[in-house]
Number of protein chains: 2
Amino acid sequence: MPERRVTMADVARRAGVSPTTASFALSGRTDMRISEASRDRVLEAARELGYRPNVTARSLRTKSTQTIGFVSDRITTTPFAGDVIRGALEAARERDHLLFITEAGGDRAAESSLVHALLDRQVDAVIYGSMFTRYVTPPKELFGRRVVLLNCLAPGFDAPSVVPDELEAGRDAARALLAAGHREGIWAIGGHQAVPATPEGIIAGNERMRGLEEVLRVGGARLDGVVECDWDTRDGHREVAALLAAGHRPRALVCLTDRVSMGAYQALGEAGLSVPGDVSVVSFDDQDIASVLRPALTTLKLPHYRLGRLAVELILGEGPLEPVVHRVPMPLRERASLGTPAADRRT
Amino acid sequence: MPERRVTMADVARRAGVSPTTASFALSGRTDMRISEASRDRVLEAARELGYRPNVTARSLRTKSTQTIGFVSDRITTTPFAGDVIRGALEAARERDHLLFITEAGGDRAAESSLVHALLDRQVDAVIYGSMFTRYVTPPKELFGRRVVLLNCLAPGFDAPSVVPDELEAGRDAARALLAAGHREGIWAIGGHQAVPATPEGIIAGNERMRGLEEVLRVGGARLDGVVECDWDTRDGHREVAALLAAGHRPRALVCLTDRVSMGAYQALGEAGLSVPGDVSVVSFDDQDIASVLRPALTTLKLPHYRLGRLAVELILGEGPLEPVVHRVPMPLRERASLGTPAADRRT
DNA sequence: CTCCGTTGTTAAATCGGATTAGCAAGATGC
DNA sequence: GCATCTTGCTAATCCGATTTAACAACGGAG
C-alpha cells in the first residue's frame with residue numbers, strides 16, 4: 001500500500017503559507033501577486049516533499065483533464081496501424097496529455113457505451129478513428145463535442161477529418177511509372193471497386209485509381225486493363241495467375257495494396273517472370289511485408305504515424321475545430337520492384 | 001459547446017429528495033435504507049434527465065477511477081502485437097474499466113514521466129509491458145503499486161508476470177516434428193543466442209531451444225546443427241543459403257521466428273527446394289506473414305491477445321497480487337509447411 | 001404515557017485542488 | 001494627517017460526487 005500522497009495542503013503547511021498561496025505559486029500565475037520569497041519557499045517545499053498535483057481533483061474544478069479519448073472500430077489490430085496510435089501517443093505526450101484508447105469492434109452499442117465511458121471521465125476531446133478510410137456516422141453522443149475524425153469522413157458532422165491523400169498517391173504511382181519509362185502494358189490489380197468487394201475500395205481504391213489514370217493519360221500512357229479483386233494475397237495471386245494464363249504479358253502491375261502485390265509476386269514467380277526485370281510492380285500501403293519481399297516493394301506509404309499525430313495536434317490546437325478535410329501525403333517508398341520496361345515483346 | 005452536464009443534484013431536485021438519498025438510490029447500496037418509492041423516483045428522474053455520474057468527481061472521494069495505466073516500451077508498433085492491447089482493452093471493457101495506453105520508446109526518463117502522468121490521474125493499477133519477453137527493472141515509481149508485468153520478468157519486483165510459455169512451445173515444435181516422422185536432418189535456424197545478437201533470443205530463444213532439444217532427445221532424434229543469426233528475414237535468407245551452399249541437405253528447419261522462416265523460404269526457393277516436399281519448416285510467433293506465405297507456415301503462435309487479457313484479469317481480480325509467473329500456452333498453428341521427411345538422400 | 005428502537009431521510013463534512021472576494025499593512029498623494 | 005493605492009496574502013466557496021453523523025416520525029414495550 002503506497003503511503004498517502006502529498007497534497008497541496010502539505011506543501012503549504014511546510015512552506016508556512018496558505019493553500020491559496022501554494023496553489024498560485026505552484027501554478028505560476030502572474031495575475032495574483034506572490035512575493036519572490038513565498039514562491040521560492042513553496043517551490044522548495046514541493047520539491048522536498050515530492051509533491052505532484054492530483055490531476056483528478058484539479059480537473060473537477062477546471063473541467064480540463066489533460067486527457068483525450070480515442071475510439072475506433074479495430075485500429076489496434078490492423079497490421080501495423082498501431083502506428084496511428086503511436087503518432088497520437090507521441091503528439092499527446094509532447095503536450096502532457098494522456099490517451100484513453102478504446103475499440104468498439106464495429107459494434108454501435110459498444111461504441112456508444114465507450115463514448116459514454118470516456119465522457120464520464122471528462123475527456124477534453126475525442127478522436128474517432130477507423131481502420132481504413134471510409135464514411136462513418138459518429139455516435140450522437142459526440143455531437144457538439146470537440147472531435148477529430150481520423151481516417152474517416154462524416155459529411156454533415158461538424159468536425160475536421162484527417163485522411164491519407166489517396167488521390168495524390170495514385171498520381172504519384174503514375175508519375176513513378178512514367179519516370180521509369182512505362183507507357184504501355186500497365187495493369188491495375190485490385191481495381192477501383194465499382195462494386196467494392198473490399199470496403200477499402202470505396203475511398204482508397206477509387207481515389208488511387210482516379211489519380212493513377214489521370215496522370216497516366218496526361219503522360220501519354222494508359223492502363224491496358226483493370227482487374228477487380230479482393231484486397232488480399234490469395235486474390236492477388238489468383239488474378240495475376242489468370243491474367244498470365246490468358247496470354248497477357250504486362251510490363252507493369254499497379255497493385256492496389258501490398259497484400260495483392262505479394263500474391264502477384266507469387267504468381268509471377270510461378271510463371272518464371274522476374275520482378276522488375278520482366279514486370280515492374282508498384283503498390284500501395286507499405287505494410288511490413290513490403291520491405292521484406294524480394295525484391296523489396298516500391299510502394300506508396302499509408303502515413304499512419306502522421307495521421308495519428310496530426311489528429312492530436314489539431315485537437316489540442318487553439319480555437320474551434322473547422323470541418324475541414326486534411327489530406328496527409330503518402331510518401332513513395334522507392335525500393336526495387338520498379339524498373340525500366342522490359343525490351344519489346346508481345347503484350 | 002455541449003449543454004451543462006446533468007448532476008446528481010439535478011436528479012435529486014427532480015425526484016424531490018436530498019442529494020444524499022439520490023446518491024444512495026443510484027449506487028444501490030443496501031446498508032442505507034431508502035424506501036422503495038424514493039428509490040423509484042430517483043431512478044426515474046435519472047433516466048428522464050439522462051443522468052450520468054461524473055467519474056472524475058466520484059473518484060476524488062472513492063479513490064477508484066476505474067482506470068488502468070498501460071506502460072510499454074513500444075508495444076503498439078511491434079507488428080500485430082496490437083493484439084496485446086486488444087486483449088487488454090476487451091477484458092477491461094467487460095469490467096467497465098478504461099485503459100490509458102502509453103509508450104516510452106525505451107527511454108527511462110520518458111517512462112518515469114509517463115508513470116507519473118498515470119499516477120497523477122489516479123489510475124487504479126498499472127500494466128508494465130514489453131514488446132518482447134525480457135528482464136526489466138520497472139521504474140521506482142511503481143514500487144508498492146498494483147502492477148502486473150506483461151511479457152517481461154523482474155525478479156525481486158513484487159508483482160506477477162504474464163509471459164508466453166516458450167519452453168512448452170519448443171517442446172511442441174519437437175513433438176510436431178516427431179509426429180510427422182522427422183528424426184534426422186533437423187536444423188535450428190536462429191539458435192539459442194548464447195551471445196544474443198537479437199534481444200528476443202535471451203529468453204524466447206533459449207527456452208524454445210531448450211524445449212525443442214529436450215523433446216527431440218527423448219524422442220530419439222536430435223538436431224543436426226544450430227545456426228545462430230539475427231531474427232530477421234535477411235539473416236534467415238543468408239544463413240540458410242550458406243547452409244545449403246555448404247552441402248548440407250536438411251529435411252526440417254526449425255526457424256526461431258517467422259521472419260527467419262520467410263528468409264529460409266526464399267533461400268530454399270532459390271535452391272530449387274520445395275516446402276514441405278524437400279524440407280519441412282516449423283516456426284515460432286505466427287506473425288501476419290505466416291498465414292500468407294506459400295505454403296502457409298506451421299508455427300507456434302505468440303498468444304498476444306491472451307497475454308493482454310490475462311494481465312487485465314489479474315490486475316482487476318480480488319485480493320493482493322502474488323509475484324507469480326503466469327505462462328500462457330503458445331498454440332500450434334498447423335498449416336502446410338510441415339510434412340513427412342523426404343525420401344532418403346545425402347544429408 | 002414515557003422510553004427506546006426502527007425506519008427513512010438529510011445536513012454537513014470530505015476528497016484535493018482552483019478561484020473569488022476580501023483583508024491587513026505599508027506606500028503614496030495631497 | 002487622512003484618504004487612497006498597492007502589495008501580499010488568506011478565508012471561504014466551488015467542482016460533483018460519497019459518506020458520516022444526526023435527526024424526525026412512528027411503533028412497540030413496559
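Convention: sequence-line order gives letters A, B, ...; per-chain numbering from 1.
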Touch class at under 4.0 angstrom, heavy-atom based, for S23(B) against every strand present: base
Separation of dG17(C) P from R121(B) CZ (nearest whole Å): 14 Å
Below 4.0 Å: OP1/OP2 of dC9(D) and any side-chain N or O of S35(A): yes
Sugar-phosphate only, base, or nothing, as touched by T62(B) at under 4.0 Å among non-hydrogen atoms: sugar-phosphate
Sugar-phosphate, base or nothing in reach of R39(B), heavy atoms under 4.0 Å: nothing
Residue met sooner reading DNA chain D from 5', once R52(B) and F24(B) are mapped to nucleotides: R52(B)
Touch class at under 4.0 angstrom, heavy-atom based, for V55(A) against every strand present: nothing
Whole-Å distance separating the CE atom of M32(B) from the P atom of dA12(C): 18 Å
Between P of dT14(C) and CG of L60(A), the distance in whole Å: 17 Å
Touch class at under 4.0 angstrom, heavy-atom based, for T20(B) against every strand present: base
Interatomic distance where NZ belongs to K63(B) and C1' belongs to dA17(D) [whole Å]: 13 Å
Touch class at under 4.0 angstrom, heavy-atom based, for R33(B) against every strand present: base
For atom CZ of R29(B) and atom C1' of dT20(D), their distance in whole Å: 10 Å
Between dC15(D) (P) and M8(A) (CE): distance, integer Å: 18 Å
Short side-chain N/O contact from R58(B) to OP1 or OP2 of dT18(D), under 4.0 Å: yes
No-hydrogen, no-angle side-chain donor-acceptor test under 3.5 Å, T65(A) and D124(A): yes
For D120(B) against R5(A), the heavy-atom pair lying closest together: OD1-NH2, 3.1 Å
Touch class at under 4.0 angstrom, heavy-atom based, for T21(B) against every strand present: base
Pair H97(B)-T67(B), side chain to side chain contact (heavy atoms under 4.5 Å, CB included): steps then yes or no: CA-CA 5 Å; H97(B) 279 244; T67(B) 289; 5.7 Å; no
NZ or CZ of R134(B) within 45° of F132(B) ring axis and under 6.0 Å: yes
Under-4.0 Å side-chain N/O to phosphate OP1/OP2 contact, Y51(B) with dA17(D): yes
Sugar-phosphate only, base, or nothing, as touched by S38(A) at under 4.0 Å among non-hydrogen atoms: sugar-phosphate
Touch class at under 4.0 angstrom, heavy-atom based, for T56(B) against every strand present: nothing
Distance, rounded to the nearest Å, where D120(B) contributes CG and dG17(C) contributes C1': 13 Å
Rounded interatomic separation in angstrom, taking CG from D31(A) and P from dC9(D): 15 Å
Mutual orientation of the aromatic rings belonging to F157(A) and F143(A) [parallel < 30°, tilted 30-60°, perpendicular > 60°]: perpendicular
Carboxylate-amine/guanidinium proximity below 4.0 Å for R309(A) and E94(A): yes
